[in-house]
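Contents: one structure, followed by commentary.
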Amino acid sequence: MKLKEDFFHRDCLEVAPDLIGKVLVRVLDDASEIRVRITETESYRGEEDTACHASKGRTPRTEILYGDSGKIYVYLCYGIHWLMNVVTGENEFPQAVLFRCGERFNGPAKLTKALEIDKSFNGESFIENERIWIEDDGYVAKIKTAPRVGINYATEEYRVKQWRFIDKNLK
DNA sequence: TTAGTGATATCC
DNA sequence: GATATCACTAAA
């Protein structure tokens with residue numbers, strides 16, 4: 001069953017753990033299909049979250065975070081790596097969930113590389129998309145939380161937040 | 001531990 | 001126009 005907009009139209013702190021165990025389906029240009037179970041996500045929530053890209057205000061890049069839930073936010077990190085997020089929650093409230101890790105893949109950039117994600121996906125949606133979507137196959141994950149990683153620039157208050165979600169059954 | 005890489009934001 | 005920054009990876 002494909003996830004609909006309802007699923008994404010909630011607070012990212014609800015969506016992120018719910019995405020654990022879901023299946024990310026990607027159809028490549030040659031029509032081959034890749035299915036990856038999501039094992040790790042992180043929430044980035046609001047302008048007051050100093051780890052969130054939107055914390056410095058609304059810019060052309062972060063504009064999408066203020067937009068419709070279910071949209072894909074892809075951005076280039078360190079000049080090499082594409083990281084993929086999905087926008088969640090209400091319009092005008094910038095928040096997103098980062099896909100950090102999937103089954104067989106450790107690391108957000110390996111994930112996007114394997115799935116051949118690039119900036120052409122930025123602004124696309126997971127809802128009613130022919131190239132990429134997310135399915136619920138009934139698998140129920142055991143969720144464990146942890147502090148987010150790679151956000152040393154954030155303030156102490158937000159560095160310690162347990163906004164990283166991992167499937168305890170794997171790892 | 002460090003180099004590589006390039007879009008973005010921020011400073012002229 | 002210039003430069004500092006960055007939610008990473010691979011090689012050593």
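In what follows, chains carry the letters A, B, and so on, assigned in the order in which the sequence lines appear, proteins first and then strands, with residues in each chain numbered from 1.
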Sequence neighbours excluded and cut-off under 3.5 Å, please list the side-chain donor-acceptor pairs for residues 92-110 of chain A, or say none.
from	atom 1	to	atom 2	distance (Å)
A/Glu92	OE1	A/Arg58	NH1	3.0
A/Gln95	OE1	A/Cys12	N	2.5
A/Gln95	OE1	A/Thr88	OG1	2.8
A/Arg100	NE	A/Glu42	OE2	2.5

request  = Write down the atom of A/Ile143, the atom of A/Pro17, and the distance for their closest heavy-atom approach.
outcome  = CD1-O, 3.4 Å
inquiry  = Applying side-chain hydrogen bond (donor to acceptor under 3.5 Å, both in side chains), can you list everything that pairs with A/Asp18, at least two apart in sequence or on another chain?
reply    = A/Arg10
task = Report which part of the nucleic acid A/Ala154 touches: base, sugar-phosphate, or nothing (heavy-atom distance under 4.0 Å, all strands).
result = nothing
query = Who passes side-chain hydrogen bond (donor to acceptor under 3.5 Å, both in side chains) against A/Tyr78, sequence neighbours left out?
reply = none
request  = Output the residues of residues 83-98 of chain A in contact with DNA chain C, where contact means a heavy atom of the residue under 4.0 Å from an atom of the strand; sort by number or write none.
outcome  = A/Leu83, A/Asn85, A/Leu98
inquiry  = How about NZ on A/Lys113, more than 12 heavy atoms from neighbouring residues, nucleotides or ligands closer than 6.0 Å, or not?
reply    = no
task = Look at the side chain of A/Thr50 and the backbone N and O of A/Thr155, then say whether any donor-acceptor pair between them is shorter than 3.5 Å.
result = yes
Do any N or O atoms of the protein come closer than 3.5 Å to N or O atoms of nucleotides 1-4 of chain C, and which pairs are they?
none

task = Tell me, yes or no, whether the heavy-atom count around A/Glu33 atom CD, taken from other residues, nucleotides or ligands under 6.0 Å, exceeds 12.
result = yes
inquiry  = Without decimals, in angstroms, what is the distance between A/Tyr78 OH and C/dC6 P?
reply    = 8 Å
key: Which nucleotides of DNA chain B pair, in dot-bracket form (Watson-Crick or G-U under 3.5 Å, | meaning another strand)   = ||||.||||||.
ask   = Would you say the side chain of A/Asp167 lies within less than 4.5 Å of the side chain of A/Tyr139, judging by non-hydrogen atoms?
value = yes
message = If only side-chain N and O atoms count, and only distance matters, is there a donor-acceptor pair under 3.5 Å linking A/Tyr66 with A/Glu47?
response = yes
task = Using a cut-off of 6.0 Å, state whether more than 12 heavy atoms not belonging to A/Lys56 lie near its atom NZ.
result = no
task = With sequence neighbours left out, write down each residue that passes side-chain hydrogen bond (donor to acceptor under 3.5 Å, both in side chains) with A/Asp49, or none if nothing qualifies.
result = A/Arg148
note = When rounded to whole Å, the OH to P distance for the pair A/Tyr44 and C/dC6 reads 13 Å
Output one line per pair: protein atom, nucleotide atom from nucleotides 7-12 of chain B, and distance, for all N/O pairs under 3.5 Å.
from	atom 1	to	atom 2	distance (Å)
B/dA9	OP1	A/Thr59	OG1	2.3

message = Between A/Arg26 and A/Ile117, is the side-chain contact (heavy atoms from CB on, under 4.5 Å) condition met? List the steps.
response = CA-CA 9 Å; A/Arg26 161 80 170 110; A/Ile117 304 292; 4.1 Å; yes
Only pairs under 3.5 Å count here: list side-chain donor-acceptor contacts from residues 70-77 of chain A, not counting sequence neighbours, and write none if there are none.
from	atom 1	to	atom 2	distance (Å)
A/Tyr73	OH	A/His53	ND1	2.8

note = Contacts of A/Trp133 meeting side-chain hydrogen bond (donor to acceptor under 3.5 Å, both in side chains) (sequence neighbours excluded), chain-then-number -> A/Glu135
inquiry  = Please enumerate all residues that pass salt bridge (Lys or Arg N to Asp or Glu O under 4.0 Å) together with A/Asp11, with sequence neighbours excluded.
reply    = A/Arg45
Expected rows: protein N/O vs nucleotides 9-12 of chain C N/O, under 3.5 Å:
from	atom 1	to	atom 2	distance (Å)
C/dT9	OP1	A/Pro108	N	3.3
C/dT9	OP1	A/Ala109	N	3.3
C/dT9	O4'	A/His81	NE2	3.3

